[in-house]
Amino acid sequence: MRVTLLGTGTSTGVPVIGCRCAVCTSSDPRNRRLRPGVRLELPGGTAIVDTPTDLRQQALTYGLDRVDAVLYTHGHADHILGLDELRVYNFRQNAVIPCYGPPSALAAIRRTFAYAFEEGQEGGGKPRVELLPLGHAPFELLGVEVTPVPVMHGELEVYGYRIGPFAYVTDVSFIPEESFARLAGVEVIVLGALRYRPHTTHFTIPEAIVAAQRIGARRTYLTHLAHDVDHAAPSEPLPPGIEFGHDGLVFDFA
Ligand SMILES: [Zn+2]
Ligand SMILES: [Zn+2]
Ligand SMILES: [Zn+2]
């Protein structure tokens, strides 16, 4: 299995439009963050986690030439607005794309992309997706077992996903006990953390560090980062084994 981080930015992306702060004007490529998403190259094909706003740019940059399935974390705009780009994969693969996620995420997709689910003139084509609601039970996807990891994002339950030694848990402000159990023994986790200052629906970096130390992965990479975070200059030192993720980071698992 190979995992590629397609985007590690918060909902605005970094740089933020019009912002002249040190991070937004930085020449460090790791301070350029597209909206959050992940590619999973699995034994039976390629899945992505979410269809972020920047999906087209990510696909071109990282050679995302196939999408056999999508795992949605939740229905917020930064995680779903690239769904229309799936049309290209529909054409190329001549197939409907299965999209899994919590029922609330699929409901948001149905509302936001109403045209894709309505009868009517096709024009340039509509994305053809099959929405497949998930409960909390593990399921089989493209030759691997995927375990949903329910976490709280403010008052909204969203899903992270665990696939064997790897877990991706973004947009999180609270991890229930049962979900810590689902993350036990994971080797690499990509964990959401927004910035240093408190936020109602996201872990701060110090909160994410506490959760990461409890999870105990060999390596933790923080994602969904705002422009408050300078990759090369953390405001507070990160403990060993915990670092900032960046767009294009790749993990290989045997
Ligand atoms: Zn988000
Ligand atoms: Zn800025
Ligand atoms: Zn969100």
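One is the number of the first residue; the rest follow in order along the sequence. Atoms within a ligand are numbered from 1 in the order they appear, just like the ligands themselves.
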Can L183 be reached from V172 by stepping across I, L, V, M, F, W or Y side chains whose heavy atoms are under 4.5 Å apart? yes
The Zn ion (ligand 2) as vertex, arms to SG of C21 and SG of C24: angle to 10°? 110°
Angle at the Zn ion (ligand 3), NE2 of H74 to ND1 of H76, rounded to 10 degrees, please. 90°
What does the angle at the Zn ion (ligand 1) come to, between atom OD2 of D78 and atom NE2 of H224, rounded to 10°? 100°
Which atom name does D171 have for its N/O/S atom nearest to the Zn ion (ligand 1)? OD2
The Zn ion (ligand 2) is nearest to which N, O or S atom of H227? ND1
Charged N to carboxylate O below 4.0 Å: is that the case for E243 and R219? yes
Under 4.5 Å between side-chain heavy atoms, counting indirect links through other Ile/Leu/Val/Met/Phe/Trp/Tyr residues: same cluster for M1 and V190 or not? yes
Pair R56 + D54, salt bridge at N-O below 4.0 Å: no
Do R214 and F180 form a cation-pi contact, if we require the NZ or CZ to be under 6.0 Å from the six-membered ring centre and within 45 degrees of the ring's axis? yes
For the Zn ion (ligand 3), does an N/O/S atom of H79 lie at less than 2.8 Å? no
